[in-house]
Student: 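The structure is given below, and queries will be raised subsequently.
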Amino acid sequence: MAVTLKDVAERAGVSRSAVSRTFTAGASVSAAMRRKVEKAARELDYRPNALASSLTTGRTRLVGLVSNNFHNPIFLEIFDLFTRGLQDRGLRPLLVNLSDGTDPEASVRMLRQYSVDGVVVASSTLPSGFAGAFREAGVPVVHAFGRVSATPQVHVVGIDNAEAGRMAARCLIARGYRRIGFLGGPEAASSTQDRLAGFLAEAAHHGVEASFSFSSAYSYDAGRQEMRRLLAGSRAEAYFCGDDVLSIGALSAVAEAGLSCPADIGLLGLNDMDMARWGNIDLTTIRQPIPQIVASTIELMVATLDDPARCPETRIFACSVIERGTLRPG
């Protein structure tokens, strides 16, 4: 049978409340008492029950990790970083898949049923108001990969997507492309809107012809389908795809058409997901510093749990171009 708190109390010769205080963060217990209880716990191989502890402290240490694009391989990398990072801070992630629905009120109700201490919304496509619904419900929340704002209503950590679009246009123009295109994700997504706005503004600044189109999702199939359509018409010389997985789908469509990159058409992605460096893909892309964004989100989540009244802030990270083989040299 499992060793109980009562067993530890009897071995240490102290009360059960003394054992409980010893294993409750921030509780008052003398150094001598702590040594006595911890010694007994080691001898009995006792492990505190996290659920029982939450009844005492009122804190479950659960953090809801909410996203709506589990089909995109980049989120496997993101979730790996989030789950390990949260666990390293003594928190327990609870994954919530919103692929089939994005009703914020339903998500708030569900996560409150689990008594989560906080919520991380990890998505570049959910509207800003989605994370705001948790704040209005009194649940500490951080929106990772969200839309940056000078006056945020919730904590936001991510990149300036408009600047990413400008960077992409500059990258293509520097390589001599004069007819450039934007192949974005879902048109309604704020990330798509901001990247497109920056892309078109930079192209206009340089007097370069720019076209744009949208895919139905940030997915391989959507990217391939949209590139097939573009190749059937008057295509651009090079495309900035608003996501690496879109780029890989587009790369497949280019190959199916008997063309190659960069000899016939240039492709530039965004994210620098692990697959982008694979030899059969070798995608030139804009690196979004995902490990730093995740680490900063967790840091902000921990700080907000300690101070729920903390004023919302925006943390922006810079991107960089990663040179590989789908664009001609500059």
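Note that these values count all heavy atoms, side chains included, but never hydrogens, waters or copies made by symmetry.
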Student: Please determine whether residues I316 and V121 belong to a single hydrophobic cluster, defined as Ile, Leu, Val, Met, Phe, Trp and Tyr linked transitively by side-chain heavy-atom distances below 4.5 Å.
Tutor: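 No, I316 and V121 fall in different hydrophobic clusters.
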
Student: Taking all atoms of both residues into account, what is the closest heavy-atom pair of D160 and V148, and its distance?
Tutor: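 Taking every non-hydrogen atom into account, CA-CG2, 4.4 Å.
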
Student: Sequence neighbours left out, what passes side-chain hydrogen bond (donor to acceptor under 3.5 Å, both in side chains) with R229? Give chain and number order.
Tutor: E226

Student: Decide side-chain contact (heavy atoms from CB on, under 4.5 Å) for V14 and V37; before the verdict, give the C-alpha distance in whole Å, the side-chain angles of both, and the deciding distance to 0.1 Å.
Tutor: CA-CA 8 Å; V14 300; V37 170; 4.0 Å; yes

Student: So, the side chain of R34 versus the backbone of T22: is there a donor-acceptor pair under 3.5 Å, distance only?
Tutor: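 Yes; at least one donor-acceptor contact below 3.5 Å.
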
Student: Please determine if R315 and E313 form a salt bridge, counting it only when a charged side-chain N lies under 4.0 Å from a carboxylate O.
Tutor: yes

Student: Does one side chain, of S191 or N161, offer a donor that lies under 3.5 Å from an acceptor on the other?
Tutor: no

Student: Under a 4.0 Å N-O cut-off, is there an ion pair linking D194 with R147?
Tutor: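 Looking at D194 and R147, the cut-off is met.
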
Student: What distance do S247 atom OG and M273 atom CE have between them, rounded to the nearest 0.5 Å?
Tutor: 9.5 Å

Student: Starting from F134, can I reach L126 by hopping between I/L/V/M/F/W/Y residues whose side chains sit under 4.5 Å apart?
Tutor: yes

Student: Please report the shortest heavy-atom distance between A164 and I286, naming the atom on each side.
Tutor: O-CD1, 3.7 Å

Student: Should Y239 and L327 be counted in the same cluster of Ile, Leu, Val, Met, Phe, Trp and Tyr side chains packed under 4.5 Å apart?
Tutor: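 No, because Y239 and L327 fall into different hydrophobic clusters, even though each may have its own neighbours under 4.5 Å.
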
Student: Rounded to the nearest 0.5 Å, what's the gap from OG on S30 to NZ on K36? Could you check?
Tutor: 8.5 Å

Student: Between E237 and R175, is there a salt bridge with N-O shorter than 4.0 Å?
Tutor: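 No, R175 and E237 are not salt-bridged.
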
Student: Do the ring planes of F182 and F240 sit parallel (below 30°), tilted (30 to 60°) or perpendicular (above 60°)?
Tutor: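 Tilted.
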
Student: Between T326 and D282, do the side chains contain an N or O donor and an N or O acceptor separated by less than 3.5 Å?
Tutor: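 D282 and T326 do not have a side-chain donor-acceptor pair below 3.5 Å.
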
Student: Without swapping roles, check the side chain of R195 against the backbone of G242 for a donor-acceptor pair under 3.5 Å.
Tutor: yes

Student: With rounding to the nearest 0.5 Å, note down the distance linking CD in E187 to CZ in F212.
Tutor: 7.5 Å

Student: Is the shortest side-chain heavy-atom distance between I290 and I74 below 4.5 Å?
Tutor: yes

Student: For S211 and F199, work out which heavy atoms get closest and say how close.
Tutor: O-CE2, 4.3 Å

Student: Which atoms form the tightest heavy-atom contact between L246 and C241, and what is the distance?
Tutor: CB-CB, 4.3 Å

Student: Would you call L91 and V302 a side-chain contact if the rule is heavy atoms closer than 4.5 Å?
Tutor: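 Heavy-atom side-chain distance check passes, below 4.5 Å.
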
Student: Could you tell me if the side chain of L86 sits less than 4.5 Å from the side chain of R92, heavy atoms only?
Tutor: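 R92 does not reach L86 side chain to side chain.
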
Student: Please find the pair of heavy atoms, one from T284 and one from G325, that lie closest to each other, and give the distance.
Tutor: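 Here T284 and G325 meet closest at OG1-N, 3.5 Å.
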
Student: Hey, does L283 have a side-chain heavy atom less than 4.5 Å from the side chain of I322?
Tutor: no

Student: Could you go step by step and tell me if V66 and V119 meet the side-chain contact (heavy atoms from CB on, under 4.5 Å) rule?
Tutor: CA-CA 7 Å; V66 180; V119 170; 3.9 Å; yes

Student: Between CG of L305 and CZ of R61, what distance do you get to the nearest 0.5 Å?
Tutor: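 So the CG of L305 and the CZ of R61 are separated by 7.0 Å.
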
Student: Cationic tip of R84 within the cone over F79's six-membered ring, i.e. under 6.0 Å and within 45° of the normal?
Tutor: no

Student: Show, in sequence, the C-alpha distance, side-chain angles and deciding distance for S320 and R287, and conclude whether the side chain to side chain donor-acceptor pair (under 3.5 Å) test is met.
Tutor: CA-CA 5 Å; S320 57; R287 174 178 288 164; 5.2 Å; no

Student: Under a single-linkage definition using a 4.5 Å side-chain heavy-atom cutoff for Ile, Leu, Val, Met, Phe, Trp and Tyr, are L267 and W278 assigned to the same hydrophobic cluster?
Tutor: yes

Student: Taking side-chain hydrogen bond (donor to acceptor under 3.5 Å, both in side chains) as the test, write out the residues that go with D264, two or more places apart.
Tutor: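 If we apply the side-chain hydrogen bond (donor to acceptor under 3.5 Å, both in side chains) test to D264, skipping adjacent residues, the hits are S260.
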
Student: Quick one: does S190's side chain get under 4.5 Å of T125's, heavy atoms only?
Tutor: no

Student: Closer than 3.5 angstrom, by distance alone: can the side chain of R166 be matched with the main-chain N or O of E202 as a donor-acceptor pair?
Tutor: no

Student: Under 4.0 Å between a Lys/Arg side-chain N and an Asp/Glu carboxylate O for E163 and R170?
Tutor: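 Between R170 and E163 there is a salt bridge, with a charged N closer than 4.0 Å to a carboxylate O.
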
Student: Nearest 0.5 angstrom please: D274 CG to L76 CG, how far?
Tutor: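 Those atoms lie 10.5 Å apart.
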
Student: May I ask you to check whether over 12 heavy atoms, not counting those of R16, lie within 6.0 Å of atom CZ?
Tutor: no

Student: Any donor and acceptor pair, going by atom type alone, linking the side chain of S296 with main-chain N or O of I293 inside 3.5 Å?
Tutor: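 No, because the side chain of S296 does not come within donor-acceptor range (under 3.5 Å) of the backbone of I293.
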
Student: Taking NZ, NE, NH1 and NH2 as the nitrogens, is one of them in E299 or R89 under 4.0 Å from a carboxylate oxygen of the other?
Tutor: no

Student: Which is it for R228 and L231 under the side-chain contact (heavy atoms from CB on, under 4.5 Å) test, yes or no, and what are the steps along the way?
Tutor: CA-CA 5 Å; R228 282 174 171 170; L231 292 174; 5.9 Å; no

Student: Is it the case that the side chains of Y220 and S252 hold a donor-acceptor pair, with the cut-off being a distance below 3.5 Å and no angle test?
Tutor: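 Yes, because at least one side-chain N or O of S252 sits under 3.5 Å from a partner of the opposite role on Y220.
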
Student: Between the side chain of D244 and the main-chain N/O of L270, is any donor-acceptor distance below 3.5 Å?
Tutor: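 Between the backbone of L270 and the side chain of D244 there is a qualifying donor-acceptor contact (under 3.5 Å).
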
Student: Heavy atoms, side chains only, cut-off 4.5 Å: are V139 and L111 in contact?
Tutor: no

Student: Salt bridge check: are K39 and E43 linked by an N-O gap of less than 4.0 Å?
Tutor: yes

Student: Decide yes or no for V96 and S67: does some side-chain heavy atom of the first lie under 4.5 Å from some side-chain heavy atom of the second?
Tutor: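 When only atoms from C-beta onward are counted, S67 and V96 do not touch, as no gap falls below 4.5 Å.
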
Student: If hydrophobic clusters are built from ILVMFWY residues whose side chains come within less than 4.5 Å, do V63 and V142 share one?
Tutor: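 The answer is yes; both residues are in one hydrophobic cluster.
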
Student: Would you check if R324 and T285 make a side-chain contact, meaning some heavy-atom pair closer than 4.5 Å?
Tutor: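 Yes; the side chains approach each other to less than 4.5 Å.
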
Student: For Y114, does the OH atom sit with more than 12 other heavy atoms under 6.0 Å from it, leaving out its own atoms?
Tutor: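 Counting other residues, nucleotides and ligands, OH of Y114 stays at 12 neighbours or fewer.
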
Student: Checking side-chain contact (heavy atoms from CB on, under 4.5 Å) for the pair V3/D45: CA distance, chi angles, key distance, verdict?
Tutor: CA-CA 8 Å; V3 178; D45 195 26; 5.7 Å; no

Student: Quick one: closest heavy-atom pair of G184 and T192, and the distance?
Tutor: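 Looks like CA-CG2, 4.3 Å.
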
Student: Starting at CE of M301, measure out to CZ of F82 and round the result to the nearest 0.5 Å.
Tutor: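 Here the interatomic distance stands at 10.5 Å.
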
Student: Using atom types as modelled and distance alone, determine if a side-chain donor or acceptor of Y177 lies under 3.5 Å from a backbone N or O of V208.
Tutor: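 Not at all, since once roles are kept as given, no pair shorter than 3.5 Å links the two residues.
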
